[in-house]
Structure formats: structure tokens, C-alpha cells
Amino acid sequence: MEKAINRQQILLQHLNPSPPSSSEQNYNSALSASACLAGDSAAYQRTNVFGDDVVIVAAYRTALCKSKRGGFKDTYPDDLLAPVLRALIEKTNLNPSEVGDIVVGTVLAPGSQRVSECRMAAFYAGFPETVPIRTVNRQCSSGLQAVADVAAAIKAGFYDIGIGAGLESMTANPMAWEGSVNPRVKQMEQAQNCLLPMGITSENVAHRFGVTRQEQDQAAVESHRKAVAATASGKFKDEIIPVLTKIVDPKTGDEKPVTISVDDGIRPKTSVSDLAKLKPVFKKDGSTTAGNSSQVSDGAGAVLLMKRSVAMHKGLPVLGVFRTFTAVGVDPAINGGGPAVAIPAAVKAAGLELDDIDLFEINEAFASQFVYCHKKLGLDLLKINVNGGAMAIGHPLGATGARCVATLLHEMKRRGRDCRFGVISMCIGTGMGAAAVFERGDCTDEVCNARKVETNNLLSKDVR
């Protein structure tokens, strides 16, 4: 460390305008080595100066509705995606022809069908034929993967403006395996475990890591409690785009026009005593129930990203800054543990520590894995899913990542200077996890929540 500091001082001496040898005090006050109190924030600052980091200027979602029973049960998938794509353009006054690409995370629909539906949705939303579109599927992280893919493309210089989105209609496309399974899978346990029902992997997590039924039910109650409070206080209004659609009476076939603008799976009266009455769904003596699992849902979300210099030129306020994204692999039999591995990896890649993160959006696929992950990482529950999670709001597989971006960034904006960094993470079927780090949009040039340096460490993390 001493040598490194000496090298830095020599470099500073070269940069300083030749001070007289007798005025060392003036030299030191003009230019000196100093501790970076924000880890790698020094690197962020340099990026901001040149305007080449990737920022989010808008993020919206539909309400999330119960599959087959909720407000979107009679809504076509393309009619879910079109409103949020249109909102990005209308609310920013962006010329849609300037968008370099639209990437949509989606899971259950056949690939060729869904990409056609997404292309149709783009036309409905007012995009010209010159704007391309594609889909991406990394199961439950698909919406976040879409955002990460667009951010990477902007960083690579492929285009300056792009949209990362997510879409899932679990009414139209229920979870099912099509065709036969390769018999070879029986020769390898890991391959076999890729076929395990997600509920069984939840039971595996609960059993292996000692997550009790009581802990799971309590986590579900908290998810609903926070979602109820967020809805009542109007917190979701900034992120939800109302969707004009229809409800069809299954008996008469009569159509009723409706506008859907509220998540309809949230249960205000959920209690531990009520959840305790539910029977396990996947294992006779298990602990995973319909009440402490994520809801099967329909919904969509979309995020508008661009190079900072472009946003500045257009006069668009920056909602958030995309910092890092990490996907990891874990044992398929306990894939719910993915966030416990992905979150530290993403935070480290951002040059930060877990204590630097002010808010977490961790997808509640199952209470078992949610409880395990936050306990494993020692996270403060007051920072996690502060407006509820998937057990209350819902989990439309391909849309969840984009939904979480909208929820996180709008909450960070509300909290202001006391909230600088946020993380989104989820487990992924077949044994993976993903996480991304975001920074609040209006604070990247201010070290507002930096840790106090106790030691004489004069180097930022990015030069150690």
C-alpha cells in the first residue's frame, strides 16, 4: 500500500504546476492524494463527466392481475405490452423512430408467436416499422435480462436509445412442457433436477436451510401488508399505466369495457392464522402452500434507457442509472438460493458493499427462498420489498424484472438523498440467479451516503 501511495504522490507531483521546493505546504494544498469515501464512486464520477453511462429516463408497468381470474383474463398479450411501450414515448415526448431496439423478456409463449405479438404491440404503440424488436428468455429474470441487454448494447455503441421490457400472460400461456423429454436426462442428476417443479425446489430450500412454515407464512403476511399500504397511499400510481380492456362474462359471453389500474391479487386481510390452515401443495409433509408462494399473474412493464449525454441533450430527467448486472449458476435442486449468490456478485462488480445498498427488490418466488436469501446475506428487512413483493403483487414470469425496475426506481426517487443505491434480484428456474445494481438518477455527482473511512486508505477500490 505504501508503494502505491508513493506512486500516486509522484503522479500528482507531475500534474502539479512545478511548486518551489521550499513551499511544500502550498504544494500539498494545491493537489494531494485523498481517500475516496464511496468505493468505486470515483469511477462513476468520471463516467458521468463524459456522459457515456447508461441511464433510465422512464419505467412503467401495467397493474398485475390474477391469471385466469383477474382483470386481464380476457386481454391479449400484445394489448398488455402496447400501453407501457406507448407510455414511454408519450411521457417523454421522444420520437419513437430514435429507438435503436426493443428487447422484451418473456417466458411461456412459443418464441416465434411471442416475438410476432411483441412486434404487433410496438405498432399499436406507435413505433414505426424501422424500429426492430426481439425477445429474450432467462426464465424469471427475463425482464431484467432485457434491460441489461439494452444497457450493454448502448455501452457497446450499437445504439444510443433502447427499451427493455417484459411481458407475460399466464392466462394465455400456462406453464407446461411440450413434447417428450430426452431419456438421457436420467443419466445425470443435475440435468434431472432441471425438470423439478419449482415448488419442489422450494421445499428443498426450506428443508436444507431450515426455513420453517411459520417464517414462510409470516413473510407472506408482511408482503401483503406492505402492498396494501403502498396501494392505499398511492405509491404505485407513478409506475402503473392504466389499461383499457374488457371483461367477458363466461356464462353469457357479454363483454364489459373496464380500465385496469390496480394490482388485484393483494389480500388486505391475510393473516398468519389463516395461512396456517392451508395445506402444502407440492409435498405431503411440506411447508410450501398457495399462500406463501408467488401469484400466477398477467402483466407487462417497460423501461426506456439511453446514453446520459443523449438524455442531457434532450433535457430528460434521469430516473436512475444502470450500474451492473450479474447472472450466476447454482444447484438446480435449490435454485431459489440464486439471489444469495447473485446479489453479492453484482454489488462487488459495482465496487460497493452490501451495506451501501439502500433498497432491495428481491422477487418472492416462494417465501422459503426469500427468507433463506435475506437471512443468508444478513440484509435489513426494512430495506427489502418495502412496497410488498410477488407473494402479494404477483409474478408474471417475463415481466417481473421490468416491474421491479419501475417499482425500485420510483421508490428511490420518492426517498431522495437518503437512498442512493438499489438492487433487484431473483432466482431462476434450472438453477440460476440474477441481480442488477441501480443508482438514483439525481445523485450520481454527489457522494451523499459514503461510508466513513477509518483507516489511512488513500486509494479508491478501483485502483487497488
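Positions are given from 1 along the sequence.
A cation-pi geometry, defined here as NZ or CZ lying under 6.0 Å from the six-membered ring centre and within 45° of its normal, holds between R61 and F236.
D358 contributes a side-chain N or O that, together with a main-chain N or O of R420, makes up a donor-acceptor pair within less than 3.5 Å. A side-chain donor-acceptor contact under 3.5 Å links E203 to the backbone of S287. Without hydrogens or angle criteria, E168 side chain to L108 main chain gives a donor-acceptor distance under 3.5 Å. No donor-acceptor distance shorter than 3.5 angstrom exists from the side chain of D263 to the backbone of A63, with no hydrogens or angles considered. Checked by atom type and distance alone, the side chain of S294 pairs as donor or acceptor with a backbone atom of A365 at under 3.5 Å. Distance alone, capped at 3.5 Å, places no donor-acceptor pair between the R403 side chain and the G301 backbone.
Note: F322 and F438 meet the aromatic proximity criterion, with ring centroids under 6.0 Å apart.
Put simply, the side chain of K279 does not reach to within 4.5 Å of the side chain of K284, judged on heavy atoms. Using a 4.5 Å cut-off on side-chain heavy atoms (C-beta onward), D78 and L80 make no contact. Contact annotation: the side chain of V321 approaches that of D53 to within less than 4.5 Å [non-hydrogen atoms, C-beta and beyond]. The side-chain heavy atoms of I89 and F127, taken from C-beta on, include a pair separated by under 4.5 Å. Here the side chains of V262 and I240 are not in contact, with every heavy-atom distance at 4.5 Å or above. Contact check for V296 versus T171: no side-chain heavy atoms found under the 4.5 Å cut-off. Between D298 and L64, the closest side-chain pair of non-hydrogen atoms is not below 4.5 Å. Side-chain contact between V243 and D79: absent, with no pair of heavy atoms (C-beta onward) separated by less than 4.5 Å.
Side chain to side chain, S223 and E364 meet the donor-acceptor criterion of an N or O pair below 3.5 Å. There is a side-chain donor-acceptor pair under 3.5 Å between H395 and T400. In summary, the side chains of T201 and N204 do not present any donor paired with an acceptor at a separation below 3.5 Å, with no hydrogens or angles considered. With no hydrogens or angles considered, no side-chain donor-acceptor pair links Q369 and S202 at under 3.5 Å. With no hydrogens or angles considered, a side-chain donor-acceptor pair links R114 and T106 at under 3.5 Å.
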Stepwise, does the side chain to side chain contact (heavy atoms under 4.5 Å, CB included) test hold for K246 with K256? CA-CA 5 Å; K246 64 184 179 183; K256 177 185 177 182; over 6 Å; no

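Each of K307, K155, R308 was scored for a salt bridge (Lys or Arg N to Asp or Glu O under 4.0 Å) with D160, with one residue passing: K307.
F209 and Y372 have parallel rings, their planes meeting at less than 30° on a 0 to 90° scale where 60° marks the start of perpendicular.
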